[in-house]
Amino acid sequence: MSSIKIETVVQDTNRCGESPVWEEKSNSLLYVDIPSKKICRWNSLTKQVQEVIVDSPVSSVAIRQSGGYVATVGTRFCALNWEDQSLSDLFSVDKDKKNNRFNDGKVDPAGRYFAGTMSEEIAPAVLERHQGSLYALFPNGIAEKYFDNVDISNGLDWSLDHKIFYYIDSLSYSVDAFDYDLQTGKIANRRSVYKMEKEEHIPDGMCIDTEGKLWVACYNGGRVIRLDPETGKRLQTVKLPVEKTTSCCFGGKDYSELYVTSARDGLDADELSRQPDTGKIFKITGLGVKGIAPFPFAG
């Protein structure tokens, strides 16, 4: 195994960087800064960051098959035209919950855009509980609710054979799995595949590698961990120089680079001075594993 290297690739500081997605055709990393209401695109060749400011907290972004992107903004699934920076609503949820917003989201292998909601935080990870729900926006433009009573809807991904859906509700301190029917998008048989250790703190964003193992960013834990969802064992821990690691995705030309987003909100002046790189985006190389390309939204 080659030696692991961690470097800061995006110097811009995010209040809460999230939802990294690799876009192969532009050699770029897409990501959002939730409270700053920014959707960003970092070009790995020019090292330049472009950004689009939207009207509400933006919590996830994904590639759209027909061109442009989709994003979760406030409690709306939206389409984003990058060229003219215009946003158009596709579907709204949680209309009866004025204090809610979307959180993490990801597209499944059939092109459905899954994303869950949560109550707006009073402080990081402090909020009115059980207010969120998990939704999926289908390619036909209709969103379906899967379940409610969610605290902080977070990391999601699918097994390599597409038969299992992995999901994190952060305050359950668990990575869960469901049986998944790719044809219909139906889920069943929820169970926990990994319980967080105390020092790992809060499970946040997640991605899968080509060996079917899960990588989970640990919020307040300053690390990403690699899990085997079949055995429930942690296989590897990679510590980062910042506490609030939020999400991760594989990218680069062969998907061998792990990109990790982080947050600075909730840290005091003393903590910020000890972690000068907090809120930046990191690239981890030398892991010896690769990820898979993200799926585009089919609508």
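The first residue of the sequence shown is numbered 1, and numbering continues consecutively from there.
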(request) Start with the C-alpha gap between V260 and I284, add the side-chain angles, then the distance that decides, and say whether side chain to side chain contact (heavy atoms under 4.5 Å, CB included) holds. (result) CA-CA 8 Å; V260 182; I284 305 174; 3.8 Å; yes
(message) Run F165 and F114 through ring-ring contact (aromatic ring centres under 6.0 Å, His included) and show every step you take.
(response) CA-CA 11 Å; F165 167 50; F114 276 72; 5.3 Å; yes
(message) One pair to check against side chain to side chain contact (heavy atoms under 4.5 Å, CB included): K290 and D254. What are the steps and the verdict?
(response) CA-CA 7 Å; K290 293 179 181 181; D254 59 355; 3.8 Å; yes
(request) With side chain to side chain contact (heavy atoms under 4.5 Å, CB included) as the test, would you mind laying out the steps for V289 and R226 before giving the verdict? (result) CA-CA 11 Å; V289 293; R226 186 181 190 226; 3.6 Å; yes
(request) Under the ring-ring contact (aromatic ring centres under 6.0 Å, His included) rule, what do F77 and F91 come out as? Steps first, then yes or no, please. (result) CA-CA 5 Å; F77 285 104; F91 202 95; 7.2 Å; no
(message) Please determine whether side chain to side chain contact (heavy atoms under 4.5 Å, CB included) holds for the pair V61 and V70, giving the CA-CA distance in whole Å, both sets of side-chain angles, and the decisive distance to 0.1 Å.
(response) CA-CA 6 Å; V61 61; V70 283; over 6 Å; no
(message) Go through it in stages, so that I can follow the logic: the residues are W158 and F178, the test is ring-ring contact (aromatic ring centres under 6.0 Å, His included), and I'd like the CA-CA distance, side-chain angles, deciding distance and then a yes or no.
(response) CA-CA 10 Å; W158 289 264; F178 296 82; over 10 Å; no
(message) ring-ring contact (aromatic ring centres under 6.0 Å, His included), that's the test. Do Y69 and F297 meet it? Break it down for me.
(response) CA-CA 8 Å; Y69 307 107; F297 173 61; over 10 Å; no
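Side-chain atoms of R112 and L182, non-hydrogen and from C-beta on, do get closer than 4.5 Å to each other. The closest side-chain heavy-atom distance from V58 to T72 is not below 4.5 Å. Using a 4.5 Å cut-off on side-chain heavy atoms (C-beta onward), I187 and Y146 make contact. Using a 4.5 Å heavy-atom threshold, the side chains of I4 and T285 count as separate. Taking 4.5 Å as the limit, some side-chain heavy atom of I168 sits within range of a side-chain heavy atom of M206. At least one side-chain heavy atom of P294 sits less than 4.5 Å from a side-chain heavy atom of I63. The side-chain heavy atoms of S26 and W82, taken from C-beta on, include no pair separated by under 4.5 Å. Contact of the I281 side chain with the T8 side chain is not registered, since no non-hydrogen atoms from C-beta on lie closer than 4.5 Å.
Here R76 does not pair with D94 in a salt bridge; the nearest charged N to carboxylate O distance is not below 4.0 Å. Between D265 and R15 there is a salt bridge, since a side-chain N of the basic residue sits under 4.0 Å from a carboxylate O of the acidic one. A salt bridge does not link E243 with R274: every distance from a Lys NZ or Arg NE/NH1/NH2 to an Asp or Glu carboxylate oxygen is 4.0 Å or more. Contact check on D157 versus K106 returns a salt bridge, with a Lys/Arg side-chain nitrogen under 4.0 Å from an Asp/Glu carboxylate oxygen. Ion pairing between a basic and an acidic side chain is recognised when a charged N comes within 4.0 Å of a carboxylate O; D209 and K213 show no such pairing. Salt-bridge check for E200 with R234: passed, with a basic side-chain N closer than 4.0 Å to an acidic carboxylate O. R191 has a carboxylate O that lies under 4.0 Å from a charged side-chain N of D179, or vice versa, which qualifies the two as a salt bridge. We find that K280 and D12 are not joined by a salt bridge, their nearest charged nitrogen and carboxylate oxygen being 4.0 Å or further apart.
Remark: R190 qualifies as a cation-pi partner of F147 under the 6.0 Å distance and 45° angle criteria applied to the six-membered ring.
Annotation for E120: atom CD counts as buried by contact number, over 12 foreign heavy atoms lying within 6.0 Å. Around atom NZ of K95, no more than 12 heavy atoms belonging to other residues, nucleotides or ligands sit under 6.0 Å away. Taking a 6.0 Å sphere around CD of Q183, one finds it holds 12 or fewer heavy atoms contributed by other residues, nucleotides or ligands. In the displayed structure, K5 atom NZ is contacted under 6.0 Å by at most 12 heavy atoms of other residues, nucleotides or ligands. Atom NZ of K233 has 12 or fewer heavy atoms from other residues, nucleotides or ligands within 6.0 Å.
Defined by atom type and a distance below 3.5 Å, a donor-acceptor pair is missing between the side-chain atoms of Y194 and D176. A side-chain donor from one of S153 and Y167 sits under 3.5 Å from a side-chain acceptor of the other. With 3.5 Å as the limit, one finds no donor-acceptor pair spanning the side chains of S60 and D104. In summary, the side chains of R101 and N103 do present a donor paired with an acceptor at a separation below 3.5 Å, with no hydrogens or angles considered. Residues S262 and T278 bring no donor and acceptor atom of their side chains to less than 3.5 Å of each other. Looking only at atom types and distance, the side chain of Y259 has a donor-acceptor partner in the side chain of E257 under 3.5 Å away.
Without hydrogens or angle criteria, D33 side chain to C16 main chain gives a donor-acceptor distance under 3.5 Å. The backbone N or O of D268 lies less than 3.5 Å from a partner atom in the side chain of E271, making a donor-acceptor pair. Looking only at distances, a side-chain donor or acceptor of S170 sits under 3.5 Å from a matching main-chain atom of P203. For the pair K37 (side chain) and I34 (backbone), a donor-acceptor distance under 3.5 Å is absent. The backbone N or O of D270 sits less than 3.5 Å from a side-chain atom of S273, completing a donor-acceptor pair. A donor-acceptor pair under 3.5 Å is formed between the side chain of D151 and the backbone N or O of H130. Under the 3.5 Å distance criterion, the side-chain polar atoms of T245 are left unmatched by any main-chain donor or acceptor of T261. The backbone N or O of S44 sits less than 3.5 Å from a side-chain atom of K47, completing a donor-acceptor pair. Here the side chain of D169 pairs no donor or acceptor atom with the backbone of S172 at under 3.5 angstrom. In this structure a side-chain-to-backbone donor-acceptor pair under 3.5 Å is present from T184 to K186.
From L214, atom CG reaches atom CD1 of I208 across 5.0 Å, with rounding to the nearest 0.5 Å. With values rounded to the nearest 0.5 angstrom, S133 atom OG is found 9.5 Å from F102 atom CZ.
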